Amino acid sequence: QVRLMESGGGSVQSGGSLRLSCTASLSGYTSNDFCMTWFRQTPGNAREGVANFDRTITRYADFVKGRFTISRDKNTVYLQMNNLTTEDTAVYYCAATPVPNCSGGARFAPSKYQFWGQGTQVTVSA
């Protein structure tokens, strides 16, 4: 059983920063067995991929490039978010899927991910 737990959400003013953490309990697997991705979702909208960590490779959605950084330390994945805007307000989710499931365009497809955290709210005010 793979379990994910996010933390670090909160409220910040536009231009500020937050760091999200996702701690994974991998039940005998190693972190290299999984693709780890941060998604976000706003009410009425589909979840969208934000940043992905595939073993040693990181990828970002265009709308966060240069502002967000994904990193990993053992079984914890971080999302450092800088220069936040009101459009970044969302519930942020950490998700994991076995590496073969997240190649190419699938890496930001929510349907490819079997394991999800409970989500953490990020609110950015003007």
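What's counted below: heavy atoms across the whole structure, side chains too, no hydrogens, waters or symmetry copies. Note that the numbering runs from 1 along the sequence shown for the chain. None of these values were measured; they are calculated from a predicted model.
Here Cys35 contributes atom SG and Asn101 contributes atom CG; the two are 9.0 Å apart, rounded to the nearest 0.5 Å. For the atom pair Glu48 CD and Tyr93 OH, the distance stands at 12.5 Å (nearest 0.5 Å). Here Cys102 contributes atom SG and Asp54 contributes atom CG; the two are 4.5 Å apart, rounded to the nearest 0.5 Å. Atom-to-atom distance recorded for Thr76:OG1 and Leu4:CG is 10.5 Å, nearest 0.5 angstrom. Residue Thr97 holds its OG1 atom at 8.5 Å from NZ of Lys112, rounded to the nearest 0.5 Å. Here Ser71 contributes atom OG and Gln80 contributes atom CD; the two are 8.0 Å apart, rounded to the nearest 0.5 Å.
Heavy-atom minimum distance, Trp38 versus Cys22: CZ2-CB, 3.6 Å. Nearest heavy atoms, Ala126 versus Ser14: CA-CB, 4.3 Å. The minimum heavy-atom distance linking Pro110 with Trp116 is given by the pair O-CZ2, 3.5 Å. Closest approach of Gly49 to Ala61, counting heavy atoms only: O-CB, 3.4 Å. Here the closest heavy-atom approach between residue Val2 and residue Ser27 is recorded as N-OG, 4.4 Å.
With hydrophobic clusters built from ILVMFWY side chains whose heavy atoms lie under 4.5 angstrom apart, Val91 does not share a cluster with Phe63. The hydrophobic clustering, which links ILVMFWY residues whose side-chain heavy atoms are closer than 4.5 Å, places Phe39 and Leu84 apart. Val122 is connected to Val64 through a chain of hydrophobic side-chain contacts under 4.5 Å among Ile, Leu, Val, Met, Phe, Trp and Tyr, so both are in one cluster. Under the 4.5 Å side-chain heavy-atom criterion for ILVMFWY residues, no single connected hydrophobic cluster contains both Tyr113 and Val50. A chain of hydrophobic side-chain contacts below 4.5 Å, direct or via other Ile, Leu, Val, Met, Phe, Trp or Tyr residues, connects Met36 to Leu26.
In this structure, the side chain of Tyr29 does not engage the main chain of Gln1 through any donor-acceptor pair within 3.5 Å. Under a 3.5 Å cut-off, the side chain of Gln41 and the backbone N or O of Ala90 do not form any donor-acceptor pair. Panel note: side chain Thr89, backbone Val124; a donor-acceptor pair is recorded below 3.5 Å. The closest donor-acceptor contact from the side chain of Thr123 to the backbone of Ser11 lies at 3.5 Å or more, if one exists at all. Side-chain atoms of Arg67 come within 3.5 Å of backbone N or O of Asn83 as a donor-acceptor pair. The main-chain N or O of Gly119 is found under 3.5 Å from a side-chain atom of Glu6 such that the two form a donor-acceptor pair.
Note: Phe34 and Phe115 have perpendicular aromatic rings, judged against thresholds of 30 and 60 degrees for the angle between ring planes. Taking the six-membered ring where the residue is Trp, Phe68 and Tyr92 present tilted rings, their angle falling between 30° and 60°.
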Practice task
Could you go through the side-chain contact (heavy atoms from CB on, under 4.5 Å) check for Asp88 and Arg40 one step at a time?
Solution key: CA-CA 9 Å; Asp88 296 315; Arg40 70 186 188 185; 2.9 Å; yes

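Using a 4.5 Å cut-off on side-chain heavy atoms (C-beta onward), Arg47 and Phe108 make no contact.
For Ala51, the side chain to side chain contact (heavy atoms under 4.5 Å, CB included) criterion is met by Tyr60, Ile70, Leu79, not counting sequence neighbours. Shown here are the salt bridge (Lys or Arg N to Asp or Glu O under 4.0 Å) partners of Arg55, two or more places apart in sequence or in another chain: there are none.
Atom CD of Gln118 sits in a crowded spot, with more than 12 heavy atoms from other residues, nucleotides or ligands closer than 6.0 Å.
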